[in-house]
Amino acid sequence: MSKLQPVRGTRDIYGAEARNMAAVVETFRRVAGSYGFEDIATPIFEFTEVYKRPLGEASDIVSKEMYTFEDRGGEDITLRPEFTAGVCRSFISEGMQQNLPCRLMSNGPAFRYERPQKGRYRQFHQINAELLGQDAPEADVDIIAMAWRLLGELGLADKVVLELNTLGDKESRATYRETLVRYFEDHKGGLSEDSLRRLSSNPLRILDSKDDADKKIVATAPLMSDCLNEASRSFFERVKAGLEAVGVPYVHNERLVRGMDYYTHTAFEFVTTELGAQGTVLAGGRYDGLIEQLGGPATPGIGWAGGIERLAMLSKAGKTPARPIIIMPMGEAATLKAFEIAEDLRGIGAIVTSDRGGNLKKRLNRANKARARFAVIIGEDELSGGVVTLKDLDNGEQRQVSFADLAHSVKAGV
RNA sequence: GCGGGUAUAGUUCAGUUGGUUAGAACGCCAGAUUGUGAUUCUGGAGGCCGCCGGUUCAAGUCCGGUUACUCGCCCCA
């Protein structure tokens, strides 16, 4: 008996989980707003080329994780696997270079065909921030400080560590890559199968390997910091100095690399040990060549993305909604009057629903399950007397209150 | 794509060395009040034991396959 269930790697989000995720998004929008970021909502699918080119043909995302299909018009379409490329496409399409810098925030689903795991889904949700048009390292500091503030407001300052690294500019990165490949070629015999594959596809990734044999070789591998040219070195120094000035703690992790090809200079990850293998909760970096690569005007950029599910699992920031008031009209005339009463109570900010079904016993029972604070009972007796019966569901006490006094009584918490 | 674990009621789980009508708790429904809940009492509904096949006189239980979930690898938010 195959049950009707959501597609593998997708799921229904409701209840406490939905509240926690909504709280992450709300906090993000408020915090990013305070740094001058404004909303942008780009389509959740784009022409495949938009993702393929910047991410790199050989990247895992492009080579095996994208949801790509041909639509009915024969267009090659891909569901967004990440936000940055789409936002940059939008920047170009809309001619935003006229008004730099752009501070753009967005949130929503992204799609990757991966094996699901705790904190990893095929449809997952991200918050995303991009700062376009500033090439100074202080922009990196701004955007990382914003992430740190967000994490703090989510109560995660103690659960998360900022790991920071630089990939250098194009030139430094190329030099390092060569140096590294040469080193690993000399130690080929000891490398794991995965790392041998990475040697040709993404040698920097080997630095991040969890294989014990690899780790030994990596331990004595040449460092990025030894291959940085002067410009890259001073860029990184200014990022670090800025972070210290603004009070964001970090650790320099020489082994931190990025999956996407388009990153340059600053790369960072906020990681936690509380989510098993999916420890990265928010990550990003600088991507100075990306917009040009997509065919736009050369424009520097830096941004990050945070996993909403992962942040929500850690922070549990969602609040249970305020307790409702439930109106229980008995009879036709009372039912009509109840509409008016309900609207009055909503007018003072209360959460109000009406329960018109079944006997009073059933309705009170349901009210109890709904965590209701008050029941407002209105039958023929009440109606003719111009009152309602206001019942406090915590202590069981009830009394008659006139229509005119009801809102006031409820507000006073009586 | 690769490896480990799990699959029994709406939910969380029991279920002996294979043995006949598969259980508990919570939840749900009804009754004990005709206009008074959350407590209490009584009763009830709800399971092709994930699916397919094999071994056996006999399978929820053993074996194989499959699917889903889950943990890890890969990769990533």
Side-chain angles (χ1 to χ4, degrees), chain A residues 1-9 11 24 55 58-66 80-84 107-129 147 160 192-195 197-198 201-202 205-206 208-211 214 257-260 268-272 275-285 303-314 326 328-331 334 355 358-382 389-398:
Chain A
M1 175 180 50
S2 75
K3 276 186 189 167
L4 199 53
Q5 58 189 7
V7 174
R8 183 175 174 82
R11 67 217 205 294
V24 168
L55 292 174
S59 71
D60 272 55
I61 292 183
V62 172
S63 62
K64 59 182 195 191
E65 293 176 359
M66 293 202 310
R80 76 175 163 216
E82 60 116 33
F83 280 64
T84 303
N107 66 274
F111 305 85
R112 287 182 204 166
Y113 190 86
E114 294 185 279
R115 185 80 171 259
Q117 236 178 89
K118 180 178 185 179
R120 198 175 78 184
Y121 310 97
R122 288 183 174 179
Q123 175 176 340
F124 59 105
H125 300 79
Q126 289 188 328
I127 49 178
N128 184 264
V160 129
S192 69
E193 214 173 295
D194 279 328
S195 288
R197 183 175 50 73
R198 283 185 280 227
S201 65
N202 191 353
R205 268 278 158 213
I206 300 176
D208 215 16
S209 176
K210 281 155 196 150
D211 183 90
D214 287 351
V257 294
R258 307 263 64 210
M260 276 75 98
F268 61 93
E269 269 180 32
F270 287 89
V271 298
T272 178
L275 292 180
Q278 277 61 243
T280 304
V281 125
L282 187 154
W304 52 253
I308 297 176
E309 285 88 350
R310 295 181 186 178
L311 290 166
M313 275 191 278
L314 274 186
I326 300 188
M328 303 175 184
M330 321 287 287
D355 188 342
N359 59 35
L360 195 56
K361 180 189 171 99
K362 276 187 185 171
R363 301 194 216 184
L364 282 164
N365 200 305
R366 282 193 287 259
N368 204 53
K369 280 179 204 155
R371 306 166 34 251
R373 179 70 183 84
F374 293 107
V376 174
I377 301 163
I378 172 164
E380 280 170 34
D381 294 349
E382 283 90 347
T389 297
L390 180 62
K391 183 177 178 75
D392 184 322
L393 291 169
D394 284 348
N395 57 23
E397 286 170 17
Q398 62 184 53

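First the proteins, then the strands, lettered A, B, ... as listed; each starts at 1. As a basis for the values below, the full set of heavy atoms in this structure was taken, side chains included, without hydrogen atoms, waters or symmetry mates. Just so it is clear, the structure is predicted and the values come from calculations on it, not from any experiment.
Using N1 to N3 plus N6-O4 or O6-N4 for Watson-Crick, or N1-O2 and O6-N3 for G-U wobble, each under 3.5 Å, C29(B) pairs with G43(B). When Watson-Crick and G-U wobble pairs are counted only if both distances are under 3.5 Å, A7(B) pairs with U67(B). Using N1 to N3 plus N6-O4 or O6-N4 for Watson-Crick, or N1-O2 and O6-N3 for G-U wobble, each under 3.5 Å, G72(B) pairs with C2(B). The partner of U61(B) is absent, by the rule that a Watson-Crick or G-U pair needs both atom distances under 3.5 Å. In this structure, U34(B) makes no Watson-Crick or G-U wobble pair, since no nucleotide meets both defining distances under 3.5 angstrom. Remark: A14(B) base-pairs with no nucleotide; criterion is Watson-Crick or G-U wobble with both hydrogen-bond distances under 3.5 Å.
Atom-to-atom, CG of L360(A) to P of A38(B) comes out at 12 Å; the value is rounded to the nearest Å. If you measure from atom CD of Q398(A) to atom P of G37(B), you get 10 Å, rounded to the nearest angstrom. For R11(A) and C69(B), the CZ to C1' distance is 14 Å, given to the nearest whole Å. As a whole-Å value, the separation of R366(A) CZ from A30(B) C1' is 14 Å. Here A38(B) presents its C1' atom at 12 Å from CG of N395(A), a figure rounded to the nearest Å. Following rounding to the nearest Å, D394(A) (CG) and U36(B) (C1') show an atom-to-atom distance of 15 Å. Taking atom CZ of residue R120(A) and atom C1' of nucleotide C69(B), one finds them 15 Å apart after rounding to whole Å. Between the CD atom of E114(A) and the C1' atom of U70(B) there is a distance of 16 Å, given to the nearest Å.
Applying the 3.5 Å distance criterion, the base of G37(B) shares a donor-acceptor pair with the side chain of N368(A). Between the side chain of K391(A) and the base of U36(B), at least one donor-acceptor pair of N or O atoms lies under 3.5 Å. In terms of polar N and O atoms assigned as donor or acceptor, the side chain of E382(A) comes within less than 3.5 Å of the base of G35(B) in a complementary pairing. Not a single donor-acceptor pair, N or O on each side, falls under 3.5 Å between the base of U70(B) and the side chain of Q117(A). Donor-acceptor pairing under 3.5 Å, judged by distance alone, is absent between the side chain of R115(A) and the base of C75(B).
Across the P atoms, C63(B) and A7(B) are found 13 Å apart, a figure rounded to whole Å. Across C71(B) and A59(B), the matching C1' atoms stand 29 Å from one another, rounded to whole Å. A24(B) and C57(B) have their P atoms separated by 34 Å, given to the nearest Å. The C1' atoms of U20(B) and U56(B) are separated by 15 Å, rounded to the nearest whole Å. Taking atom C1' in both C51(B) and G47(B), one finds a spacing of 16 Å when rounded to whole Å. Rounded to a whole angstrom, the distance from the P atom of U39(B) to that of A25(B) is 16 Å. Nucleotides U8(B) and C48(B) are separated by 12 Å at their C1' atoms, to the nearest Å. Distance check on atom C1': G43(B) versus U6(B) gives 36 Å, rounded to whole Å.
No donor-acceptor distance shorter than 3.5 angstrom exists from the side chain of E82(A) to the backbone of A110(A), with no hydrogens or angles considered. For the pair K391(A) (side chain) and G396(A) (backbone), a donor-acceptor distance under 3.5 Å is present. The backbone N or O of R112(A) sits nowhere less than 3.5 Å from a side-chain atom of R122(A) that would complete a donor-acceptor pair. At distances below 3.5 Å, at least one donor-acceptor pair connects side-chain atoms of R363(A) with backbone N or O atoms of P329(A). Without hydrogens or angle criteria, R310(A) side chain to T280(A) main chain gives a donor-acceptor distance under 3.5 Å. Under the 3.5 Å distance criterion, the side-chain polar atoms of R366(A) are left unmatched by any main-chain donor or acceptor of D355(A). Remark: side-chain polar atoms of N128(A) are paired, donor with acceptor, to backbone N or O of W304(A) under 3.5 angstrom.
Residues R310(A) and P116(A) each lie close to RNA chain B; by heavy-atom proximity, the contact nearer the 5' end of the strand is made by P116(A). Both T389(A) and K362(A) lie near RNA chain B, and the one whose nearest nucleotide falls closer to the 5' end is K362(A).
L282(A) comes within 4.0 angstrom of sugar-phosphate atoms only, judged by non-hydrogen atoms across all strands, and of no base. Heavy atoms of R8(A) sit under 4.0 angstrom from primed sugar atoms or phosphate atoms, though from no base atom. Counting non-hydrogen atoms under 4.0 angstrom, Y121(A) reaches a base of the nucleic acid. Residue contacts for E269(A): at a heavy-atom cut-off of 4.0 Å it reaches no nucleic acid atom on any strand shown. Nucleic acid contact class of E82(A) (heavy atoms, under 4.0 Å, all strands): none. Among the heavy atoms of the strands, none lies under 4.0 Å from R363(A). Using a 4.0 Å heavy-atom distance criterion, A367(A) is classed as making no nucleic acid contact. Counting non-hydrogen atoms under 4.0 angstrom, I308(A) reaches nothing in the nucleic acid. When heavy atoms are screened at a 4.0 angstrom cut-off, G284(A) is found touching no nucleic acid atom at all. Among the atoms of the strands shown, base atoms are found under 4.0 Å from some heavy atom of E380(A).
A cation-pi arrangement is absent between R120(A) and F124(A) under the rule of less than 6.0 angstrom and at most 45 degrees off the ring axis.
When each of C28(B), C75(B), G37(B) is scored by its nearest atom to the side-chain atoms of K369(A), the top-ranked nucleotide is C28(B). The side chain of D381(A) lies closest to G35(B) when the candidates are G72(B), C28(B), G35(B). If you check G37(B), A77(B), C74(B) against the side chain of L393(A), the one that comes closest is G37(B).
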